**Student:** 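Below: one structure in structure tokens.
All values reported here derive from a predicted model rather than from experimental measurement.
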Amino acid sequence: MAEHEAPVAAREWHLAARPQGWPVPTDFALVEAPVRAPEEGEILVRNAYLSVDPYMRGRMNDVKSYVPPFQLGRPMDGGAVGYVVASAAEGFAPGDAVLHGLGWREYATVAAGHAVKVDPSVPLSAYLGVLGMTGLTAYAGLLEVGGLKEGDKVFVSGAAGAVGSMVGQIAKLKGAALVVGSAGSAEKVAKLVGEYGFDAAFNYKDGPVAEQLAKAAPEGIDLYFDNVGGEHLEAAIGALGVHGRAVLCGAIAQYNDTSAPAAPRNLAMAIGKRLRLEGMLVSDHSALQPQFVAEVGGWLREGRLRNEETVVDGFENTAEAFLDLLRGANTGKMVVRLAG
């Protein structure tokens with residue numbers, strides 16, 4: 001697999017239009033472009049797996065944020081892992097497996113300083129999920145930002161997704177007394193309880209989130225890990241006890257809204273309860289990487305942590321995989337596997 005010569009041209013995905021509300025297929029364009037040979041300090045990588053992630057939706061808007069927006073008519077980018085096919089950089093040789101940030105294309109010419117060699121004896125897609133950015137997000141958000149304590153009662157929204165499924169499992173491994181998750185289908189709810197070890201879970205489409213959360217956690221919660229925002233955040237604020245904590249990781253419920261979010265309407269409760277609501281970016285927690293890889297890698301080897309992926313085959317299906325992710329069609333990490 002590692003032995004491979006680069007073609008003269010290859011395909012890449014461009015942002016063709018900025019979405020108004022929910023993205024549609026015509027917002028993306030599949031384009032053939034020249035493959036550039038690496039110059040001094042660069043490597044050429046044949047991508048094997050690409051990551052699609054909720055945060056990419058925000059980058060499709062032309063607004064200032066913590067990461068620059070995608071440019072119209074230019075290739076998009078994101079997490080990717082693949083094999084070096086040509087190297088003009090010390091320390092990298094053809095055949096090396098590497099993790100880098102130039103996804104959404106079949107071949108990437110990458111500055112060596114922006115690539116990391118990975119162990120190919122581990123399934124490469126794991127470096128985009130459980131051992132990658134999503135895993136570190138769950139680990140750092142729960143333990144460092146949220147300050148999880150043994151005996152805490154924890155609620156996780158978007159619990160069947162890449163980050164949420166890890167949060168719930170890590171919370172149980174670290175001694176949480178109760179872990180409750182929300183998801184968008186009966187199948188996902190059953191999986192959370194039956195396979196991921198959540199104590200309780202509910203389908204947020206079955207009724208008001210606050211009512212379902214109250215049934216699942218009648219004594220309230222201590223810590224909320226928010227991947228959704230909106231009604232979920234409002235319900236969590238109501239359920240949190242005094243000095244409760246909320247980790248604000250994502251707000252997928254409102255990423256495609258064109259109007260102001262309707263919730264939370266009870267933010268004033270944060271005053272009397274002395275709540276701590278803290279946003280997080282995984283890039284702030286890179287110092288945790290060695291500890292994260294050691295501990296989570298150990299749980300994986302011991303079979304104590306379940307890693308699930310939704311794998312979409314074919315580079316030509318990358319945009320559709322991203323749209324499916326926004327619709328909640330994935331369980332665990334969503335990745336695209338390139339052919340060949």
**Student:** Side chains of R57 and L326, heavy atoms from C-beta outward: is any pair under 4.5 Å?
**Tutor:** yes

**Student:** Could you tell me which residues satisfy salt bridge (charged side-chain N to carboxylate O under 4.0 Å, His left out) with D222, sequence neighbours excluded, listed by chain and number?
**Tutor:**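 Residues passing salt bridge (charged side-chain N to carboxylate O under 4.0 Å, His left out) with D222: K153.
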
**Student:** I need the full list of salt bridge (charged side-chain N to carboxylate O under 4.0 Å, His left out) pairs touching residues 132-147, with sequence neighbours left out, sorted by first then second residue.
**Tutor:** none

**Student:** So which pairs with a foot in residues 205-239 pass ring pair (Phe, Tyr, Trp, His ring centres under 6.0 Å), sequence neighbours left out?
**Tutor:** F155-Y224, Y204-H232

**Student:** Can you run down the side-chain hydrogen bond (donor to acceptor under 3.5 Å, both in side chains) pairs that involve residues 158-179, sequence neighbours left out, and say none if there aren't any?
**Tutor:** K172-D199, K174-E295

**Student:** Taking side-chain contact (heavy atoms from CB on, under 4.5 Å) as the definition, give me every residue that meets it alongside L267, ordered by chain and number, with sequence neighbours left out.
**Tutor:**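 Only I237, L277 meet the side-chain contact (heavy atoms from CB on, under 4.5 Å) criterion with L267.
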
**Student:** Could you label the plane-to-plane angle of the W104 and F28 rings as parallel, tilted or perpendicular, counting under 30° as parallel and over 60° as perpendicular?
**Tutor:** parallel

**Student:** Could you tell me if the side chain of E106 sits less than 4.5 Å from the side chain of N47, heavy atoms only?
**Tutor:**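 They are not in contact (no side-chain heavy atoms under 4.5 Å apart), so the answer is no.
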
**Student:** Sequence neighbours excluded, which residues qualify as side chain to side chain donor-acceptor pair (under 3.5 Å) partners of T310?
**Tutor:** none

**Student:** Going by salt bridge (charged side-chain N to carboxylate O under 4.0 Å, His left out), name the residues that satisfy it together with E308, two or more places apart in sequence or in a different chain.
**Tutor:**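 Scan of E308 (salt bridge (charged side-chain N to carboxylate O under 4.0 Å, His left out), adjacent residues dropped) gives K191, R306.
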
**Student:** Go through it in stages, so that I can follow the logic: the residues are T137 and C249, the test is side chain to side chain contact (heavy atoms under 4.5 Å, CB included), and I'd like the CA-CA distance, side-chain angles, deciding distance and then a yes or no.
**Tutor:** CA-CA 8 Å; T137 300; C249 179; 3.4 Å; yes

**Student:** Would you list the pairs meeting salt bridge (charged side-chain N to carboxylate O under 4.0 Å, His left out) in which at least one residue belongs to residues 58-75, sequence neighbours left out?
**Tutor:** R59-D77

**Student:** Indicate yes or no: at least one non-hydrogen side-chain atom of R36 is less than 4.5 angstrom from one of Y107.
**Tutor:**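 No, every pair of side-chain atoms sits at 4.5 Å or beyond.
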
**Student:** Within the 4.5 Å heavy-atom criterion, are V98 and F92 side-chain neighbours or not?
**Tutor:** yes

**Student:** I need the full list of ring pair (Phe, Tyr, Trp, His ring centres under 6.0 Å) pairs touching residues 273-296, with sequence neighbours left out, sorted by first then second residue.
**Tutor:** Y139-F292

**Student:** State, yes or no, whether a side-chain contact exists between V312 and E320 at a heavy-atom distance under 4.5 Å.
**Tutor:**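 SC-SC contact between V312 and E320 ruled out.
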
**Student:** Give me the one residue out of L131, L300, V130 that meets side chain to side chain contact (heavy atoms under 4.5 Å, CB included) with V122.
**Tutor:** L131

**Student:** Please, which pairs that meet salt bridge (charged side-chain N to carboxylate O under 4.0 Å, His left out) have at least one residue in residues 107-134, sequence neighbours excluded?
**Tutor:**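 Sorted result for residues 107-134: D96-K117.
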
**Student:** Holding to side-chain contact (heavy atoms from CB on, under 4.5 Å), I want the full list of residues that pass it with R337, two or more places apart in sequence or in another chain.
**Tutor:** Y49, V311, D313

**Student:** Under the salt bridge (charged side-chain N to carboxylate O under 4.0 Å, His left out) test, which residues partner E90, sequence neighbours left out?
**Tutor:**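 Applying salt bridge (charged side-chain N to carboxylate O under 4.0 Å, His left out) to E90 gives none.
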
